[in-house]
Amino acid sequence: MKERAARDPEFAKAMLDEAATAFLNGEPHVARLILRDLVNASVGFEGLAAETNRPSKSLHRMLSEKGNPSMDNLAAIFGAVRKQLGVEFEAHGVKAA
């Protein structure tokens, strides 16, 4: 997945969309793992650390399976990845099935 995201910008954008959707639908553990793979494939943890002004090791822990990033940190991570991919977010609610 990481390698495909690194070479396929549309796939990387779909991963970002999936991470945001998982988070908004109450699946933060899924969102963290997708974000971790996406960070590795795009900006990298050192680049993310520079972009967010947070230590790389802390970012690794935040995006681990048992991580628990604050809303501020999560927003910064989403923002950095979004910027790296050159996309904006637009959320839409849909009726549940």
Connected via hydrophobic side-chain network under 4.5 Å: Leu24 and Met62: yes

Smallest separation among heavy atoms of Pro55 and Ala49, with atom names: C-CB, 4.2 Å

Under 3.5 Å: donor-acceptor pair, side chain of Arg32, backbone of Gly67: yes

Heavy-atom closest contact (Ala5 atom, Ala12 atom, distance): O-CB, 3.6 Å

Verdict with supporting geometry, Ile34 and Leu16, side-chain contact (heavy atoms from CB on, under 4.5 Å): CA-CA 8 Å; Ile34 294 170; Leu16 182 60; over 6 Å; no

Full working for side-chain contact (heavy atoms from CB on, under 4.5 Å) between Met15 and Glu18: CA-CA 5 Å; Met15 285 180 69; Glu18 193 64 32; 5.5 Å; no

Pair Leu33-Leu63, side-chain contact (heavy atoms from CB on, under 4.5 Å): steps then yes or no: CA-CA 6 Å; Leu33 298 178; Leu63 296 180; over 6 Å; no

Partner set under ring-ring contact (aromatic ring centres under 6.0 Å, His included) for His60, not counting sequence neighbours: Phe45

Donor-acceptor contacts, no H, no angles, side chain residues 84-93, under 3.5 Å, sequence neighbours left out:
from: Glu88; atom 1: OE2; to: Arg82; atom 2: NH1; distance (Å): 3.2
from: Glu90; atom 1: OE2; to: His92; atom 2: NE2; distance (Å): 2.7

Asp17: salt bridge (Lys or Arg N to Asp or Glu O under 4.0 Å) partners, not counting sequence neighbours: none

Greater than 12 external heavy atoms within 6.0 Å of Phe23's CZ: no

Within residues 56-68 or reaching into it, pairs that qualify as salt bridge (Lys or Arg N to Asp or Glu O under 4.0 Å) - sequence neighbours excluded: none

Phe78 side, atom CZ; Met71 side, atom CE - distance, nearest 0.5 Å: 9.5 Å

Min side-chain heavy-atom separation Leu74-Leu35 under 4.5 Å: yes

Nearest heavy atoms of Ala80 and Thr52, plus distance in Å: CB-CG2, 4.2 Å

Residue pairs, two or more places apart or on separate chains, that pass salt bridge (Lys or Arg N to Asp or Glu O under 4.0 Å) and touch residues 36-51: Glu51-Lys83

side-chain hydrogen bond (donor to acceptor under 3.5 Å, both in side chains) against Arg54, all qualifying residues, sequence neighbours excluded: Asn73

